[in-house]
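All heavy atoms count here, side chains included; hydrogens, waters and symmetry mates do not. In this text the structure is predicted, and so the values were computed from the model without any measurement. Along the sequence shown, residues are numbered consecutively beginning with 1.
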Amino acid sequence: HRDLPSFPTRRSSDLPRLDHAVTSALLLAYVSLRMGDRVGLFGFDRTARAWTEPQGGLGAFPRLREATAQLDTSTEETNFTLGLAELSTRLRRRSLVVVFTEFVDAVTAELMVENLTRLARRQLVVFVALRDPALDAVAAGRPARLSDVYRSVVAGDFVRERDLVLARLRRAGVRCVDAVPRAVSARLVNRYLDVKRRELV
């Protein structure tokens with residue numbers, strides 16, 4: 001169909017995690033615009049990197065696609081306190097905020113949960129977490145060698161910590177989409193359609 005946007009065509013397993021997030025975000029943006037909603041974008045790590053004012057209509061889609069094309073993987077530590085506080089000041093009314101991010105340690109996770117909980121008091125927040133199938137396989141697998149035991153224990157600890165973080169977010173009222181990369185787009189769109197159906201925003 002001539003109105004359909006173009007998305008990456010490489011196999012799911014070939015795409016970096018950022019590409020999966022961008023592809024899912026663009027698909028959600030396109031569906032939201034088709035449904036009559038206004039869509040904007042805010043990207044940050046230690047500071048704001050991208051911002052597009054929420055706009056409606058399919059004419060806004062190329063601007064969103066261009067903005068996501070400017071995003072790149074960053075080695076900067078994500079400052080959730082400043083980033084989400086700045087986002088809050090930009091939102092003039094209650095909105096659906098979809099957050100794509102990763103957390104790699106307990107300190108980062110604690111600050112993330114604290115600030116997402118604060119944001120969820122004013123906005124409807126959906127947190128998107130991309131599961132790593134390889135990590136899950138290591139955590140659940142039977143170690144064949146002694147060296148595999150350490151890898152299995154570390155992977156298992158990380159998976160458990162990750163699940164605890166998601167549980168805390170859900171208790172704080174944050175809606176979580178937790179899926180492997182190939183499934184995240186469909187689950188995210190379904191969550192959005194559920195929000196629309198229930199008129200939560």
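Applying the salt bridge (charged side-chain N to carboxylate O under 4.0 Å, His left out) test to Glu53 and every residue at least two apart in sequence or in another chain returns Arg92. Residues passing the side-chain contact (heavy atoms from CB on, under 4.5 Å) test with Arg171, sequence neighbours excluded: Ala167, Arg168. Judged as a side-chain contact (heavy atoms from CB on, under 4.5 Å), and not counting sequence neighbours, the contacts of Leu200 are Leu124, Arg175, Val195, Arg198. Applying the side-chain contact (heavy atoms from CB on, under 4.5 Å) rule to Ala50 yields the partners Leu41, Leu71; only residues at least two apart in sequence or on another chain are considered. Among residues two or more places apart in sequence or in another chain, the salt bridge (charged side-chain N to carboxylate O under 4.0 Å, His left out) test is passed with Arg191 by none. The side-chain contact (heavy atoms from CB on, under 4.5 Å) search around Val165 returns Phe103, Ala109, Met112, Val113, Leu169, not counting sequence neighbours. Qualifying ring pair (Phe, Tyr, Trp, His ring centres under 6.0 Å) partners for Phe42, counting only residues two or more places apart in sequence or in other chains: Phe44. Arg160 pairs by the salt bridge (charged side-chain N to carboxylate O under 4.0 Å, His left out) definition with Asp157, not counting sequence neighbours. Glu77 is linked by a salt bridge (charged side-chain N to carboxylate O under 4.0 Å, His left out) to nothing, counting only residues two or more places apart in sequence or in another chain.
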Can you give me every donor-acceptor pair (side chain of residues 134-146, partner residue at least two apart or in another chain, under 3.5 Å) with its distance?
residue	atom	partner	partner atom	Å
Asp136	OD1	Arg131	NH2	3.3
Asp136	OD2	Arg131	NE	3.0

Please report, to 0.1 Å, the donor-acceptor pairs under 3.5 Å made by any side chain of residues 81-89, with sequence neighbours excluded.
residue	atom	partner	partner atom	Å
Thr81	OG1	Asn115	ND2	3.1
Glu86	OE2	Arg90	NE	3.4
Glu86	OE2	Arg90	NH2	2.6
Ser88	OG	Leu84	O	3.0
Thr89	OG1	Glu86	O	2.6

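With hydrogens and angles disregarded, a donor-acceptor distance shorter than 3.5 Å links the side chain of Asn190 to the backbone of Ala186. In this structure a side-chain-to-backbone donor-acceptor pair under 3.5 Å is missing from Thr68 to Glu66.
Applying the side chain to side chain donor-acceptor pair (under 3.5 Å) test to every pair with at least one member in residues 119-129, sequence neighbours left out, gives no pairs at all.
Here the closest heavy-atom approach between residue Leu26 and residue Phe61 is recorded as O-CE1, 3.4 Å.
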